Amino acid sequence: MQDNKFYRIGKFIYRLRWGLIGLWLAMILACVPFIPNLMTPFKSTGFTDENAESGKTQEYIDKKLKYNNYNKILILYHSNSLKATDPEYIDKVKESLSKLKNFPIKTQILYPDENKEQISKDKHTAYAVVIVKSSTDISNKLLKQLKEDIKTPKNMTIQIGGEPIFIENVNEQTQIDLYKADFIATPVSLITLILVFGSLFAAFLPIVLGGGGALIILTALFFLGHLFTLSVFTLNIALLLGLCLILDYALFIISRFRDELKDKQNVEEAIAVTQATAGKAILFSALAVFASLSALLLFPVNILFSMGIGGMVAVLVAVIMSFVFLPAILSVLNTKINLLPVKIFKKYSENHSGFWHWLAEKVVKRPLIFFFSILIFLLLLGYPFLNATFGVSDYRIFPEHSEYRRFYDTYADKFNKKELDPIVILVKTKTSILSEENISNLYDLTRKLKHNSAIKKIHSIVNADENLTKSQYYALYHLQKNLMSLGVKKLLDTTTRHYMTLITIISQYPADSPNTKNLIKELRDHSSYRGMKLSLTGTPVANDELLDSISKILPYAILWIMISTYLILLLLLRSLFLPIKAILMTMLSLLACYGALVLVFQDGYLHELLNFDPQGMVDISLLVIIFCALFGFSMDYEVFLLTRIKEAYESLGDNEKSIIFGIEKSSRIITSAAIIVICICFSFLVADVLLVKAFGLGIAVAIFVDAFLIRTFLVPATMTLLKKWNWYLPRWLDKILPKL
């Protein structure tokens with residue numbers, strides 16, 4: 001044991017214990033000043049592939065028009081008595097936006113009287129569009145000022161929407177969701193830890209460690225958010241992963257330390273042996289999680305890249321907290337870790353170990369029965385996934401009572417909601433876009449597009465008035481500027497520059513429908529028209545490209561995860577077949593997780609209980625995130641269980657006895673850790689952001705299946721059937737593998 005590198009690391013940590021504790025406290029204190037501003041860098045939903053045609057096209061448009069397309073604020077006005085066609089109604093709208101003249105950034109306002117399509121059919125609702133002329137996103141401070149500058153007219157109601165408001169709502173809701181989740185998860189986790197340790201002091205230590213780790217994760221992401229564009233959903237999911245891993249690893253380390261302290265009565269030796277066993281296990285587990293999450297960096301999709309960064313930060317912090325700082329704290333606490341014992345829980349803990357021994361014997365005696373019954377049950381759980389429909393999340397990630405959702409529902413009721421998700425064609429020319437030839441070509445192009453039955457409306461500089469001819473449009477745009485109407489000036493300013501203009505297309509069908517996808521394909525087939533170069537952007541196009549991009553890269557990401565996981569487990573377990581078994585078992589828990597997501601979030605089961613609106617599909621980004629996160633997460637329990645069995649096998653040389661010993665010694669800790677993780681994940685079901693809710697449920701289902709069915713029944717049954725093949729490793733391979 002003394003030749004073991006991890007054993008020597010344990011001795012080293014013991015000698016530096018006070019310095020390491022001081023460093024841990026200093027890190028936490030250094031994070032405190034950043035708490036009020038943790039949400040400020042997160043300004044993007046992330047559902048885009050910036051390397052795709054739509055991303056590059058949008059970037060070009062933003063650059064040429066001198067404002068970020070997402071800096072559009074929509075204000076819905078409603079009056080029960082006045083109609084939007086009444087001068088008094090329009091005067092009230094203009095008065096409510098009058099203070100924006102003094103806004104620090106130049107704004108342009110499109111009023112309802114300038115575009116009849118901004119007025120509802122019943123004439124009592126209309127909207128104004130405020131365009132903030134900035135190539136960067138609006139800061140939180142300026143957005144707050146802008147909302148304060150918009151006054152509600154007397155006897156009218158207003159609702160504010162748009163991308164900046166959506167992002168602000170997600171950020172605010174994220175903070176609320178985190179508080180709600182902590183409020184639920186902390187007491188449940190504490191009770192579980194008391195059940196495991198039978199001591200209040202030992203139970204509180206992982207909670208304190210988790211709290212400190214959470215603060216460090218959030219602060220690290222705050223700084224990384226200034227270096228990279230990170231999705232607004234990063235914090236929730238990174239924090240969920242970080243807390244689960246910290247509590248898991250702390251549970252493994254503390255339980256092993258207490259066992260070693262009982263046997264050796266020497267703190268330094270107990271710390272060294274703990275590091276050589278449980279410490280080594282969590283380090284390799286963290287390596288597997290880290291490798292799995294790093295696969296997310298392969299995708300050129302912002303939300304996946306963001307989750308990769310956030311998840312890797314969470315893993316790094318979790319392993320430093322548990323592998324370095326926790327042993328230092330335990331070195332100082334010594335036997336005080338058992339302070340404030342709760343005898344009733346201690347008795348429960350002892351009885352529980354006997355139960356696991358009894359259960360392991362039952363499984364080992366009848367491996368075939370347990371193997372096939374659990375396997376069939378898991379395949380049935382995953383069956384709904386065969387009917388999965390993949391898509392990209394939309395406004396329905398918020399529940400009906402939220403501010404942004406109310407805005408969207410009002411817009412959908414009073415106007416054509418498809419206009420919020422248009423297809424945009426960028427038209428580029430070599431000569432002036434307003435030349436007689438190009439005006440004529442644009443006119444012919446839009447009339448040709450009108451014949452497509454999938455197109456409901458077309459907006460462009462040659463569709464403003466259906467009664468105008470080509471020559472009249474040419475004459476209109478070549479008037480002296482002082483003779484042009486305000487509406488014409490605004491149309492040119494928001495859509496056209498010297499060599500480019502925009503054509504906005506509204507589909508007859510929903511953005512994610514097959515008909516709209518076919519329309520996009522048809523439009524892509526015409527990349528040029530009479531010398532004009534055409535390219536597409538807009539939400540439907542971006543979503544279509546997102547799905548295509550993920551489907552192309554996913555096989556490579558899966559291959560990376562499989563190979564890296566196999567090599568890590570091969571190095572740790574020194575077995576040819578156990579890593580393959582571990583990968584197959586994880587695939588089964590993933591299948592069960594995906595089946596549950598389809599049933600709940602696509603088909604809508606339990607949607608009233610969980611307070612969300614079914615989307616009729618599962619978000620493909622979410623499935624990829626869960627795949628990468630869970631593949632590493634499952635290895636957490638696999639590594640802890642198999643290292644215990646391996647320890648016993650090296651000592652006893654008997655496969656069945658080693659399995660029973662490993663189950664007896666590790667299952668109580670694994671199931672306890674799983675209960676904590678499940679509770680933390682279930683606490684995220686109270687989140688109002690659907691993506692976070694779905695991630696929490698998916699991980700909770702997978703961890704339940706993994707800990708209570710796979711590790712308890714399927715793993716021991718499979719290892720009993722494999723017999724000596726569990727530990728098979730060719731001699732030539734054993735010689736070249738690094739020795740730990």
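Just so we're clear, the structure is a prediction, and the values are computed from it rather than from any experiment.
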Taking side chain as C-beta onward, heavy atoms only, is [X] less than 4.5 Å from [Y]?
| X | Y | answer |
| --- | --- | --- |
| L100 | Q108 | no |
| V598 | D603 | yes |
| K693 | L690 | yes |
| I158 | S96 | no |
| L74 | L420 | yes |
| L442 | S460 | no |
| L82 | K92 | yes |
| N438 | V427 | no |

Judged by atom type as modelled, is there a donor-acceptor pair below 3.5 Å linking the side chain of [X] to the main-chain atoms of [Y]?
| X | Y | value |
| --- | --- | --- |
| Y473 | L468 | no |
| T516 | D512 | no |
| Y556 | L298 | no |
| Q602 | T389 | yes |
| D86 | E88 | no |
| Q145 | F103 | no |
| N302 | T229 | yes |
| Q58 | A542 | no |
| S440 | E436 | no |
| D619 | S393 | yes |

Which pair of non-hydrogen atoms, one from [X] and one from [Y], has the smallest distance, and what is that distance?
| X | Y | value |
| --- | --- | --- |
| I439 | Y474 | CG2-N, 4.1 Å |
| K490 | Y111 | NZ-CD1, 3.9 Å |
| I433 | M500 | CG2-O, 3.8 Å |
| S621 | L546 | OG-CD2, 4.2 Å |
| T234 | M307 | N-CE, 3.8 Å |
| A128 | L97 | CB-CD1, 3.8 Å |

Are more than 12 heavy atoms, taken from residues, nucleotides or ligands other than [X], located less than 6.0 Å from that residue's [atom1] atom?
| X | atom1 | value |
| --- | --- | --- |
| E59 | CD | no |
| K83 | NZ | no |
| E95 | CD | no |
| Q480 | CD | no |

Check for me whether the distance between the ring centres of F228 and F305 falls short of 6.0 Å.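 Yes: the rings meet the under 6.0 Å criterion.
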Ring centroid separation for F233 and F695, is it under 6.0 angstrom?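 Centroid distance F233-F695: not below 6.0 Å, so no.
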Which of these, [options], sits in a side chain to side chain contact (heavy atoms under 4.5 Å, CB included) with [X]?
| X | options | result |
| --- | --- | --- |
| T537 | I423, I425, I61, L502 | I61 |
| L691 | V232, N236, I303, I625 | I303 |
| I131 | T107, N71, T494, I73 | T494 |

Just verifying a value: how many Å separate [X] [atom1] and [Y] [atom2], rounded to the nearest 0.5 Å?
| X | Y | atom1 | atom2 | value |
| --- | --- | --- | --- | --- |
| T429 | K533 | OG1 | NZ | 12.0 Å |
| T410 | L76 | OG1 | CG | 6.5 Å |
| T446 | H459 | OG1 | NE2 | 12.5 Å |
| F223 | L38 | CZ | CG | 9.5 Å |
| Y477 | L492 | OH | CG | 5.5 Å |
| I505 | L449 | CD1 | CG | 5.0 Å |

Given L519 and Q508, is the side chain to side chain contact (heavy atoms under 4.5 Å, CB included) satisfied, shown in steps? CA-CA 10 Å; L519 172 60; Q508 291 274 15; over 6 Å; no
For the pair R530 and L445, evaluate side chain to side chain contact (heavy atoms under 4.5 Å, CB included) and give the outcome as yes or no after the intermediate values. CA-CA 9 Å; R530 296 181 187 174; L445 173 62; over 6 Å; no
Carboxylate-amine/guanidinium proximity below 4.0 Å for [X] and [Y]:
| X | Y | answer |
| --- | --- | --- |
| K552 | E545 | no |
| K521 | D544 | no |
| R405 | D688 | no |
| K489 | D493 | no |

Quick one: is the NZ or CZ of K123 closer than 6.0 Å to the six-membered ring centre of Y89, and within 45° of its axis?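 Because its charged atom misses either the 6.0 Å distance or the 45° angle limit, K123 does not stack over Y89.
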Pair D113, K94 - check side chain to side chain contact (heavy atoms under 4.5 Å, CB included), show working. CA-CA 10 Å; D113 60 333; K94 290 181 177 179; 3.5 Å; yes
Check step by step if side chain to side chain contact (heavy atoms under 4.5 Å, CB included) holds for F166 and I397. CA-CA 11 Å; F166 177 79; I397 66 167; 3.5 Å; yes
Taking atom types as modelled, find out whether E522 and N518 have a side-chain donor-acceptor pair closer than 3.5 angstrom.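 No - no donor-acceptor pair under 3.5 Å links their side chains.
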Can you see whether N169 engages Q173 through a side-chain donor-acceptor pair at a distance of less than 3.5 angstrom?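 No, no side-chain donor-acceptor pair sits under 3.5 Å.
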Apply the test salt bridge (charged side-chain N to carboxylate O under 4.0 Å, His left out) to residues E419 and K457: give CA-CA distance (whole Å), side-chain angles for both, the deciding distance (0.1 Å), then the verdict. CA-CA 9 Å; E419 294 201 11; K457 286 182 185 176; 3.0 Å; yes
Run the numbers on S120 and D122 for side chain to side chain donor-acceptor pair (under 3.5 Å), then give the verdict. CA-CA 5 Å; S120 67; D122 66 8; 2.5 Å; yes
In terms of ring plane angle, is the pair Y411 and Y127 parallel, tilted or perpendicular, where the classes change at 30° and 60°?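 Geometry flag for Y127 against Y411: tilted rings.
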